[in-house]
Amino acid sequence: MSNALTVAVCNQKGGVGKTTSTGHLARAAHVLGLAVLVVDLDPQGNITSALSADDLGDTIGVADALAPNAEYALADVLVPSIWDGVTLAPTPITEALADAGTQVESQRFGREHRFTHVLRPVLSAYDVVLVDTTPALGLLLTNALVAAEQALIVSQPEQWSADGLNELHNTIDLVAAYHNPKLTAVGPLINGKRKSQHHDRVLTEDISPYYGDQAWTSPDEVIPLWAPISDYLLAGIGLDEAKETRLRHVASVYGRFVERMLTTGGRR
Ligand SMILES: Nc1ncnc2c1ncn2[C@@H]1O[C@H](COP(=O)(O)OP(=O)(O)OP(=O)(O)O)[C@@H](O)[C@H]1O
Ligand SMILES: [Mg+2]
């Protein structure tokens, strides 16, 4: 079995939909029959709350494997998610991951590669690993990008979101140059699109040019701003299970994103 395609779902901007996208992409990959690991590399622990099958309380999590001299391997901290075939590397205690990040930062060697080292032993068990990342250009994001083959950029079609893309692409380019030549930026996964001239203009003029022909920005492949998209995830229900045709259509768009990631990553 080949190693999982590892995708860091990223944007240093807060609240653009990284966690929402990670959850729905995990579901879409599961519906496609793939074995999925979701890693919560954000101290906020949002994807853990969304996907964990059980109330984890203050049990062990990613931090306990990530910290230097950790007693646990990543395999020891994995828990089931609400969906069969989707496994979760959780962050149940938010301070613990921030602390582990600080400890990794203080190491003399291997700071940027710590997560790659921790993730490697479990890769052969999965087809896809989705890493939900934190809204900051810090060492935790760098660790996710060093471990990933793809940086999936989630962006809202808003000016302030477009303005941050330059810095994010610079970071991805620097990680590729210094640490991980396999890293490719994919997307953008446009989340929260409204029918508005402003959104259309930002998409066409400020976001798509970063991605040229490869931009995932055609009108039938952007995720709309629509409360049920987050409500379903919070309720643990797949959009593919919705009664409304429009929501099932959104589920199929996430499925197409997964297919694109697999094709770009040479897995299809
Ligand atoms: N397409 C959407 N339609 C409506 N609401 C959405 C949509 N996507 C996300 N939301 C809501 O917007 C908020 C931010 O989304 P989310 O937490 O996924 O962003 P994030 O980028 O992960 O945030 P952070 O940077 O804090 O990690 C949440 O309340 C979420 O439920
Ligand atoms: Mg988030």
Give me the atom names and distance for the closest heavy-atom approach of [X] to [Y].
X: Pro68; Y: Ala100; answer: CD-O, 4.5 Å
X: Pro92; Y: Gly57; answer: CB-O, 3.7 Å
X: Cys10; Y: Leu145; answer: SG-CD2, 4.3 Å
X: Val129; Y: Leu123; answer: CG2-CD2, 3.9 Å
X: Pro135; Y: Gly14; answer: CB-CA, 3.7 Å
X: Val146; Y: Asn180; answer: O-ND2, 3.0 Å

Using the test side-chain contact (heavy atoms from CB on, under 4.5 Å), find all partners of Pro43 that sit at least two apart in sequence or belong to another chain. Leu97, Ala98, Thr134, Leu140

Spell out, as yes or no, whether a donor-acceptor pair under 3.5 Å connects the side chain of [X] to the backbone of [Y].
X: Ser81; Y: Ser52; value: no
X: His24; Y: Ile229; value: yes
X: Ser196; Y: His199; value: yes
X: His30; Y: Asp84; value: yes
X: Asp127; Y: Leu34; value: no
X: Gln12; Y: Gly164; value: yes

Using side-chain heavy atoms (C-beta onward) and a distance below 4.5 Å, is [X] in contact with [Y]?
X: Ile223; Y: Leu189; result: yes
X: Val128; Y: Leu262; result: yes
X: Thr87; Y: Val38; result: no
X: Val62; Y: Thr48; result: no
X: Arg267; Y: Met261; result: no
X: Trp160; Y: Gln156; result: yes
X: Glu149; Y: Leu183; result: no
X: Val250; Y: Pro224; result: yes

In terms of side-chain geometry, is the basic nitrogen of Glu167 or Lys13 positioned less than 4.0 Å from the acidic oxygen of its partner? no

Answer yes or no: is there an ion pair linking Arg268 with Glu259, defined by an N-O contact shorter than 4.0 Å? yes

Only one of Thr20, Thr19, Thr94 passes side-chain contact (heavy atoms from CB on, under 4.5 Å) with Asn46, and that residue is Thr19

Test side-chain contact (heavy atoms from CB on, under 4.5 Å) on Val104 and Leu139 and set out the steps. CA-CA 9 Å; Val104 171; Leu139 188 64; 3.9 Å; yes

Step-by-step side chain to side chain donor-acceptor pair (under 3.5 Å) determination, Glu221 to Ser218: CA-CA 5 Å; Glu221 60 180 356; Ser218 73; 3.3 Å; yes

Do [X] and [Y] belong together in a cluster built from hydrophobic side chains that touch within less than 4.5 Å?
X: Leu78; Y: Leu66; answer: yes
X: Val175; Y: Leu165; answer: yes
X: Leu37; Y: Leu56; answer: no
X: Val79; Y: Leu74; answer: no
X: Leu141; Y: Phe115; answer: no

Is it true that atom NE2 of His117 has more than 12 heavy atoms of other residues, nucleotides or ligands lying nearer than 6.0 Å? no

Just wondering, are more than 12 heavy atoms of other shown residues or ligands nearer than 6.0 Å to CD in Gln214? no

Qualifying residues under salt bridge (Lys or Arg N to Asp or Glu O under 4.0 Å), relative to Arg248, sequence neighbours excluded: none

Please assess His169 against Tyr211 for the test ring-ring contact (aromatic ring centres under 6.0 Å, His included), listing each intermediate value before the final yes or no. CA-CA 11 Å; His169 279 278; Tyr211 306 86; 5.2 Å; yes

Could you tell me the separation between the [atom1] atom of [X] and the [atom2] atom of [Y], rounded to the nearest 0.5 Å?
X: Gln159; Y: Ile207; atom1: CD; atom2: CD1; result: 8.5 Å
X: Arg27; Y: Asp240; atom1: CZ; atom2: CG; result: 4.0 Å
X: Leu225; Y: Asn191; atom1: CG; atom2: CG; result: 8.0 Å
X: Arg256; Y: Asp220; atom1: CZ; atom2: CG; result: 5.0 Å
X: Ile47; Y: Ser21; atom1: CD1; atom2: OG; result: 9.5 Å
X: Asp132; Y: Thr91; atom1: CG; atom2: OG1; result: 9.5 Å

For a side-chain contact (heavy atoms from CB on, under 4.5 Å) check, start with the C-alpha distance between Asn143 and Thr116, then their side-chain angles and the critical distance, and finish with the verdict. CA-CA 7 Å; Asn143 264 268; Thr116 306; 5.7 Å; no

Keeping to residues at least two apart or across chains, list the salt bridge (charged side-chain N to carboxylate O under 4.0 Å, His left out) pairs with something in residues 197-215. Lys193-Asp200, Arg201-Glu205, Arg201-Asp206

Let's go through Asp42 and Thr133 carefully: what are the C-alpha distance in whole Å and the side-chain angles of both, what is the deciding distance for side chain to side chain donor-acceptor pair (under 3.5 Å) to 0.1 Å, and is it a yes or a no? CA-CA 5 Å; Asp42 178 4; Thr133 68; over 6 Å; no

Ring pair (Phe, Tyr, Trp, His ring centres under 6.0 Å) partners for Tyr232, two or more places apart: none

Sorted by chain and number, sequence neighbours left out, ring pair (Phe, Tyr, Trp, His ring centres under 6.0 Å) with Trp216 holds for Phe257

Report the residues that fulfil side chain to side chain donor-acceptor pair (under 3.5 Å) with Gln197, sequence neighbours left out, ordered by chain and then residue number. none

Kindly indicate, with the supporting measurements, whether the criterion side-chain contact (heavy atoms from CB on, under 4.5 Å) is fulfilled by Val36 and Tyr126. CA-CA 6 Å; Val36 187; Tyr126 302 97; 5.8 Å; no

Test the Arg194-Trp226 pair against the cation-pi criterion, namely NZ or CZ under 6.0 angstrom from the six-membered ring centroid and within 45° of the ring axis. no

Walk me through it: do Leu137 and Leu168 pass the test side-chain contact (heavy atoms from CB on, under 4.5 Å)? CA-CA 8 Å; Leu137 294 173; Leu168 181 56; 4.2 Å; yes

